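What you see is a predicted model, and the numbers here were worked out from it, not measured in a lab. Every heavy atom of this structure was used, including side-chain atoms; hydrogens, water molecules and symmetry mates were not. In what follows, residues are counted from 1 in the order of the sequence shown.
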Amino acid sequence: MGAFLPWCAFAAVILLVIHGGLCAEIIGGNEVKPHSRPFMAQIKGPKGDFCGGVLIKENWVLTAAHCKVEKSKVILGAHSLKKREKEQQTFKTAKWIRHPCYDPSTKENDIMLLQLQRRAKLNKAVKLISLPTSDDDPKPGTICTAAGWGTIANNLYKPPTALMEVNITVIKREICNNKYHYNGKPVITENMICAGAKNGGKDSCNGDSGGPLICNKELRGITSFGKPKRCGKADSPGVYTRLAGQYLEWIRKTIGGA
């Protein structure tokens, strides 16, 4: 962990500080074929808090650091949001490890690992998703997909009945940082991916936090944030934690042989 501290301190100096909650849901997407995304995880807190995640090892789930996971349960093998399905496996969390440099004000390093109390039984409905072998930065114009069980209506909590997925396009960071978009509040850094639709209507926003961003069939990011009450708007594309090399190294060191 100590190796990360100087970089954290440097990042804290160069990034702007903002306040206020930001949202993360599927807008303009479609229901996927049941159990066709077997790596997906539902993370449900005792007070109705909800996030997504992905299974990267039999007893480890990758999600977003801002998710409230204390006393949460993790459900694998789910398609429905509310119905119990025979494919589902439910777990308690043994521990949760936020990235040591996570900054809730700048949204930098919004990534976390959950260790399950026992190992999942892998089958057709529950499978691992591989970490990328490189930290390639998806080029602007790349078509990616985001998935989750978040609300499907902006400004209204309207959860879907089942897992949803949406195609979105990677946007230049310079565009996301300009005055017509985030205006540097927060700064969209190289550790983030900005993605949405040119004319709006497709996005990830509340309830999808921690879910995957998949580009060219590889896991490239984790759903992080968007503008509050602006989900799916052209000036408010979703922002994802990019699985940069430093994060991949941290993940591998953390989960090790556990």
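The one candidate from I255, T241, I129, I222 that meets the side chain to side chain contact (heavy atoms under 4.5 Å, CB included) condition with L62 is I222.
Considering only heavy atoms from C-beta on, T93 stays 4.5 Å or farther from V69 through its side chain. Counting heavy atoms from C-beta outward, H79 and V32 have side chains that approach closer than 4.5 Å. Side-chain contact between W149 and K44 is absent, with no heavy-atom pair separated by less than 4.5 Å. The shortest distance between side-chain heavy atoms of W250 and I111 falls below 4.5 Å. At a threshold of 4.5 Å between non-hydrogen side-chain atoms, the residues E31 and P160 do not count as touching. Side-chain contact check for I97 versus Q115: every heavy-atom pair is 4.5 Å or farther apart. Looking at heavy atoms from C-beta onward, F225 lies in side-chain contact with V239 at the 4.5 angstrom threshold. Proximity of V187 to E108: side-chain heavy atoms (C-beta onward) are nowhere separated by under 4.5 Å.
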Can I get a per-line list of side-chain donor-acceptor pairs under 3.5 Å for residues 35-43, giving both atom names and the distance, sequence neighbours left out?
| from | atom 1 | to | atom 2 | distance (Å) |
| --- | --- | --- | --- | --- |
| H35 | ND1 | G77 | O | 3.3 |
| H35 | NE2 | E87 | OE1 | 3.4 |
| S36 | OG | K33 | O | 2.6 |
| R37 | NE | E165 | OE2 | 2.8 |
| R37 | NH2 | E165 | OE1 | 2.8 |
| R37 | NH2 | E165 | OE2 | 3.4 |
| Q42 | NE2 | S80 | O | 3.0 |

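Listed here is the closest heavy atom pair of I168 and A195: CD1-CB, 3.8 Å. Across every non-hydrogen atom of I171 and G196, the tightest pair is CD1-N, 3.7 Å. In terms of heavy-atom proximity, A65 sits nearest to M112 at CA-CB, 3.7 Å. Considering every non-hydrogen atom in both L219 and P212, the closest pair reads CD1-CB, 3.6 Å.
At most 12 non-hydrogen atoms from other residues, nucleotides or ligands lie less than 6.0 angstrom from NZ of K68.
Listed by first and then second residue, the disulfide bond (SG atoms under 2.5 Å apart) pairs that reach into residues 168-200 are C176-C194, sequence neighbours excluded.
Side-chain atoms of K107 come within 3.5 Å of backbone atoms of P104 as a donor-acceptor pair (strictly under, hydrogens ignored). Here the side chain of Y102 pairs no donor or acceptor atom with the backbone of A64 at under 3.5 angstrom. N216 places no side-chain N or O within donor-acceptor distance of the main-chain N or O of E218, the cut-off being under 3.5 Å.
Take L122 and apply the side-chain contact (heavy atoms from CB on, under 4.5 Å) test, not counting sequence neighbours, and it matches L55, E58, V126, L128.
Rounding to the nearest 0.5 Å places OG1 of T106 at 6.0 Å from CE of M192. Rounded to the nearest 0.5 Å, atoms CG (D110) and OG1 (T223) are 10.0 Å apart. Here NE2 of H66 is found 14.0 Å from CG of N109. Values are rounded to the nearest 0.5 Å. Residue I214 holds its CD1 atom at 11.0 Å from CZ of R220, rounded to the nearest 0.5 Å.
A cation-pi arrangement, defined by a distance under 6.0 Å to the six-membered ring centre and an angle within 45 degrees of its axis, is absent between R242 and Y247.
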